[in-house]
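To start, the structure itself, in structure tokens.
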2 protein chains.
Amino acid sequence: MKQNNKYKIKQAALCLFGLKGYEDTSLHEIASSVGIKKPSLYNHFESKEEIFTSVLDDLLVTEETAYKQLKETMKAGFPKDNLRKLFDLYCQRLMTTEEALLWKRVTFFPPPQFKRLIEEKFFQFEQSITSILFDIYEDGSKLNIFREVDKIEFSASFLCLVDGIFLEHHYYREDIFQKRKNSVWKVYTLGIFRDKGE
Amino acid sequence: MKQNNKYKIKQAALCLFGLKGYEDTSLHEIASSVGIKKPSLYNHFESKEEIFTSVLDDLLVTEETAYKQLKETMKAGFPKDNLRKLFDLYCQRLMTTEEALLWKRVTFFPPPQFKRLIEEKFFQFEQSITSILFDIYEDGSKLNIFREVDKIEFSASFLCLVDGIFLEHHYYREDIFQKRKNSVWKVYTLGIFRDKGE
DNA sequence: CCTACCGATCGGTAGG
DNA sequence: CCTACCGATCGGTAGG
């Protein structure tokens, strides 16, 4: 029961930190959304800062796990399909997970005391994605599917594309967002692939 | 002198709201960075909220003016050059203006009481950019410079591209950012233009 | 433009 | 897990 509450505190904090930011979320809010009083939080965590770092650690583990699983399923597929799978997983997680909102907020506007920590996590996460992209590029090069685009350009433009989508998901309605996503994907694939269609 | 202080308050608020956000910026900080005491702010503004809306209004006027001027200079140029000019102006303003940081923050994470206002401003600003993009597309279509990409896809992918760059400028070092920018631009132009080089 | 002050809320602690 | 409390800071006001 106590352990259950610790988990519920982290879930509540994940949502609230994502919605309102670290400073604008009070311990009172976190506690009351769990159904306990503020001082009881200190039975599970030493400080507000520890709640945050704990939530952030969990978040990264969740994301890393999702992309590691993807990497496994990609072994059998063609590079073009794998790239699309990576794109789809990214968009799907962006739209459906509680983690995405907090991740957006802290990579963009880290609370000053956590800036270093968040940068480390960010580069670690980006490394995972880049390693998948490099694998796809190597496989695709052997099949000669790419236009005159090197590995770095291929990866950088993919990451910039998903960063843009990441941002646009925030301020467009769902239907407009879907159209945007499709347009952007079309132009990207026109840019990198030798053959227009499949 | 009084008017000078009103301007200095808005400048200080622009920077601080951008760096720390609306809620995390105290009136004490704004006042002391101008060299006055907190209650003196109320000689120029009715409330913290009025300072914010005043700063935001100025910001939009500044941006609209910059892009209207660009539209004038584009009348003489070729569509390809004009698109690059729009891209360069966007990146340049992103990297050099105080306004960019606050704009990023509030479009992404608007303080709840200003959400409506900011959305209006955002769509108004996007409308300006989109109208420039549509003009470029019309001119370019007459010269048959585009691949099988329609006006909507052309604009949506440009906007997503600059949104991605907008985000990446935030967390990469300047040199890495420049490489990213070049890679992304290359793939985008490969995607939309019929001819590879100039 | 200032000093002095208001009630509200913050993160955190004492003590049970 | 709670009630009761701490000092600090917040936006804003009174009064000059």
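Just so you know, these numbers come straight off a predicted model, no measurement behind them.
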Worksheet item: In chain order, what residues pass the side chain to side chain contact (heavy atoms under 4.5 Å, CB included) check against B:E174, with sequence neighbours excluded?
Response: B:M95, B:H169, B:F177, B:Q178
Worksheet item: Any ion pair linking A:E168 and A:K181 (charged N to carboxylate O, less than 4.0 Å)?
Response: no
Item to complete: To the nearest Å, give me how far apart CG (B:L41) and C1' (D:dG11) are.
Response: 11 Å
Worksheet item: What is the distance from CD1 of A:I51 to P of C:dG11, rounded to the nearest Å?
Response: 9 Å
Worksheet entry | Between D:dG11 (P) and B:I30 (CD1): distance, integer Å | 8 Å
Give each protein N/O atom lying under 3.5 Å from an N/O atom of nucleotides 12-16 of chain D, with the pair distance.
unit_1 : atom_1 : unit_2 : atom_2 : d
D:dG12 : OP2    : B:Y42  : OH     : 2.9
D:dG12 : OP2    : B:K48  : N      : 2.8
D:dG12 : O5'    : B:Y42  : OH     : 3.1
D:dG12 : N7     : B:K38  : NZ     : 3.4
D:dG12 : O6     : B:K38  : NZ     : 3.0

Worksheet item: With a 4.0 Å cut-off, would you call A:K179 and A:D175 a salt bridge?
Response: no
Discussion item. With a 4.0 Å cut-off on N to O distance, would you call A:R84 and A:D88 a salt bridge?
Written reply: yes
Worksheet item: Near B:K68 NZ, under 6.0 Å, is it more than 12 heavy atoms from other residues, nucleotides or ligands?
Response: no
Worksheet item: Please give, in whole Å, the distance from D:dA4 P to A:K37 NZ?
Response: 11 Å
Discussion item. In whole Å, I'd like the distance from the NE2 atom of A:H28 to the P atom of D:dC5.
Written reply: 18 Å
Worksheet item: In which stems does DNA chain C show up, taking only runs of three or more Watson-Crick or G-U wobble pairs whose two distances fall under 3.5 Å?
Response: C:1-16 with D:1-16
Item to complete: Show your reasoning for whether ring pair (Phe, Tyr, Trp, His ring centres under 6.0 Å) applies to A:F125 and A:Y67.
Response: CA-CA 10 Å; A:F125 176 68; A:Y67 287 95; 5.6 Å; yes
Discussion item. Nearest to the side chain of A:S26, heavy atoms from C-beta on, is which of C:dC2, C:dC10, D:dC10?
Written reply: C:dC10
Practice prompt. State yes or no: do A:L133 and A:F78 share one hydrophobic cluster built from I, L, V, M, F, W and Y residues joined by side-chain heavy-atom distances below 4.5 Å, directly or via other members?
Written response: no
Worksheet item: Between D:dT9 atom P and B:E23 atom CD, what is the distance in whole Å?
Response: 17 Å
Fill in: Separation of C:dC10 C1' from B:D24 CG (nearest whole Å)
12 Å
Discussion item. Between A:E23 and B:K20, does any NZ, NE, NH1 or NH2 come within less than 4.0 Å of an OD or OE carboxylate oxygen?
Written reply: no
Discussion item. I'd like to know whether B:F108 forms a ring pair (Phe, Tyr, Trp, His ring centres under 6.0 Å) with A:F109, so could you lay out the CA-CA distance, the side-chain angles of the two residues, the decisive distance to 0.1 Å, and finally the verdict.
Written reply: CA-CA 10 Å; B:F108 221 163; A:F109 297 111; 7.2 Å; no
